[in-house]
Number of protein chains: 2
Amino acid sequence: MVEEGTRRRGAALEADILDATWAELMAVGYARLTMEGVAARARTGKQVLYRRWRNRADLVIAAIRHHSGAIADRVPDTGSLRGDVLAVLRLMAERQRELGPDVVHGLMAEAGDRKSEAVEIMHGVMTTVLERAAERGEVPTADLPERIVTLPADLLRHEIVLSDRLVTEATLEEIVDDVFLPLVTGHG
Amino acid sequence: MVEEGTRRRGAALEADILDATWAELMAVGYARLTMEGVAARARTGKQVLYRRWRNRADLVIAAIRHHSGAIADRVPDTGSLRGDVLAVLRLMAERQRELGPDVVHGLMAEAGDRKSEAVEIMHGVMTTVLERAAERGEVPTADLPERIVTLPADLLRHEIVLSDRLVTEATLEEIVDDVFLPLVTGHG
DNA sequence: CTCCATTAGAGACGCACCGTCTCTTAAAAT
DNA sequence: ATTTTAAGAGACGGTGCGTCTCTAATGGAG
């Protein structure tokens with residue numbers, strides 16, 4: 001809460017705006033989120049938003065990061081490859097569940113250049129997971145084709161964004177047990 | 001071409017509008033395609049468009065279908081599973097190349113309910129392909145988990161829509177040789 | 001402690017396009 | 001020949017964009 005007559009600045013203002021953006025996102029979804037709506041909720045002017053972010057997509061991406069932090073900062077380490085991959089997929093699915101499908105879909109359209117960021121981040125995470133598995137001797141080598149490294153994340157992302165099916169724990173297990181593990185264990 | 005003072009109707013008018021939509025799509029892309037622009041190019045009024053299609057997405061989907069026909073109507077039959085799957089993926093990739101990435105991305109956002117149509121269509125196509133392969137004895141059974149049936153199409157769709165990488169023939173071969181074939185031949 | 005450069009807050013502005021509506025008149029139906 | 005349908009054209013109110021302008025609060029420099 002902010003006093004009458006005070007004026008926020010810099011990082012404090014930025015945090016308030018990102019909180020307001022998140023609240024607006026939860027309230028009206030991405031399609032009907034407007035810069036004017038965010039500005040009103042944050043009790044500031046549109047100019048203040050445009051001074052920091054070029055457009056809706058950038059603002060919303062920043063708000064999501066602000067709210068839930070980066071996936072890359074918490075790479076799971078459960079002790080088994082299967083557990084690690086499932087945990088990674090659960091993180092992705094949880095985030096999507098919180099956002100809701102229309103936010104995810106809407107963002108994809110306007111994301112433009114930033115679309116491939118997610119792919120690259122997950123490649124890094126999966127590389128770490130696979131290297132640990134190789135050290136434990138669970139897989140012959142961590143030096144797998146890129147396509148296979150990112151396979152679980154790619155499939156889940158496809159499921160979330162491009163199919164309208166609900167993502168359940170069973171979905172994650174299918175991806176890991178029917179597709180990923182058979183490929184990496186029989187690869188030498 | 002249309003004479004001065006004549007007035008098109010019914011199917012002929014509809015075909016002209018869909019041609020105009022396609023031309024507009026190629027000229028300005030999806031993001032900047034407007035109902036007003038299409039109406040102007042087709043030399044008709046907006047009302048005529050709204051009488052037939054509820055929104056941009058529906059109109060553009062109809063125009064794409066009108067221009068290139070349905071993939072489901074030409075299921076490849078090359079004599080081998082590998083050849084068939086590659087041919088299916090080539091059809092998908094060709095269509096995407098013609099449309100360009102921004103059209104594909106833009107459509108996804110507004111497609112809403114019609115998004116899963118593509119997934120279902122490709123499931124049907126792949127089922128046919130796999131049944132033929134089972135008859136030839138190339139695979140033990142065509143009765144595979146749904147996730148594996150649609151795997152190649154899903155991966156390619158992910159590549160097209162969610163990564164910004166260029167899709168080449170090598171990409172298609174990776175999907176088929178590194179991922180799909182190892183899974184289906186070693187299954188049963 | 002005072003002055004100054006910065007920028008927050010507020011809203012007006014022109015613009016583009018949406019989707020609806022009206023009106024006239026050509027083309028088909030009977 | 002008359003009636004019904006719907007094409008062609010554009011006006012309309014509405015919404016939100018992104019820009020611009022103005023003022024006054026704020027934090028830093030001296």
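For clarity, every value in this text was computed on a predicted model and none was experimentally measured.
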Colleague: Would you kindly give the CG-to-P distance between A/L13 and C/dT7, to the nearest whole Å?
Modeller: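 It works out to 12 Å between those atoms.
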
Colleague: Looking only at side-chain N and O atoms, does B/R51 come under 4.0 Å of OP1 or OP2 in D/dA6?
Modeller: no

Colleague: Send over the distance from B/R7 CZ to C/dA28 P, rounded to a whole Å.
Modeller: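 Distance check: B/R7 CZ to C/dA28 P gives 11 Å.
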
Colleague: With a 4.0 Å cut-off on heavy atoms, is B/R52 in touch with a base, just the backbone sugar-phosphate, or nothing at all?
Modeller: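 It contacts sugar-phosphate atoms only.
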
Colleague: Only counting residues at least two apart or in another chain, list the ones meeting side chain to side chain contact (heavy atoms under 4.5 Å, CB included) with B/A142.
Modeller: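 For B/A142, the residues satisfying side chain to side chain contact (heavy atoms under 4.5 Å, CB included) (neighbours in sequence not counted) are B/L130, B/E131, B/A134.
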
Colleague: Calculate the interatomic distance between A/L59 atom CG and D/dG16 atom C1'; express it in whole Å.
Modeller: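 Rounded to whole Å, this separation is 15 Å.
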
Colleague: Below 3.5 Å between N/O atoms, which protein atoms pair up with nucleotides 10-16 of chain C? Just atom names and distances, please.
Modeller:
residue	atom	partner	partner atom	Å
C/dA10	OP2	A/R43	O	3.3

Colleague: Using the side chain to side chain donor-acceptor pair (under 3.5 Å) criterion, which residues pair with B/E120? Sequence neighbours excluded.
Modeller: none

Colleague: Please confirm whether any donor atom in the side chain of B/R9 sits under 3.5 Å from an acceptor in the base of C/dA28, or the reverse.
Modeller: no

Colleague: Closer to the 5' end of DNA chain D via nearest nucleotide, is it A/M35 or B/V48?
Modeller: B/V48

Colleague: Using whole Å, what does the distance between atom C1' of nucleotide D/dC17 and atom CG of A/L49 come to?
Modeller: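 After rounding, the gap between these two atoms is 13 Å.
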
Colleague: Do B/V75 and B/M92 share a hydrophobic cluster, counting only Ile, Leu, Val, Met, Phe, Trp and Tyr and linking them when any side-chain heavy atoms are less than 4.5 Å apart?
Modeller: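 Same hydrophobic cluster.
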
Colleague: Nearest whole angstrom, please: distance from the C1' of C/dC18 to the CZ of A/R32.
Modeller: 16 Å

Colleague: Report the distance from atom CD1 of B/I17 to atom P of D/dA6, rounded to the nearest whole Å.
Modeller: 14 Å

Colleague: CD of A/E14 versus C1' of C/dT7: gap in Å, rounded?
Modeller: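 Checked: the CD to C1' distance equals 14 Å.
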
Colleague: I need the full list of ring-ring contact (aromatic ring centres under 6.0 Å, His included) pairs touching residues 74-96 of chain B, with sequence neighbours left out, sorted by first then second residue.
Modeller: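 Not a single pair qualifies under ring-ring contact (aromatic ring centres under 6.0 Å, His included).
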
Colleague: Quick one: list whatever passes side chain to side chain contact (heavy atoms under 4.5 Å, CB included) with A/E173, sequence neighbours left out.
Modeller: A/R82, A/L86, A/E169, A/D177

Colleague: Does a side-chain heavy-atom distance below 4.5 Å link B/E174 with B/V179?
Modeller: no

Colleague: Run the ring-ring contact (aromatic ring centres under 6.0 Å, His included) test against A/W22 and tell me which residues pass, sequence neighbours left out.
Modeller: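 A/W22 satisfies ring-ring contact (aromatic ring centres under 6.0 Å, His included) with A/H67 only.
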
Colleague: Grab the OH-C1' distance between B/Y50 and C/dC17 for me, whole Å please.
Modeller: 8 Å

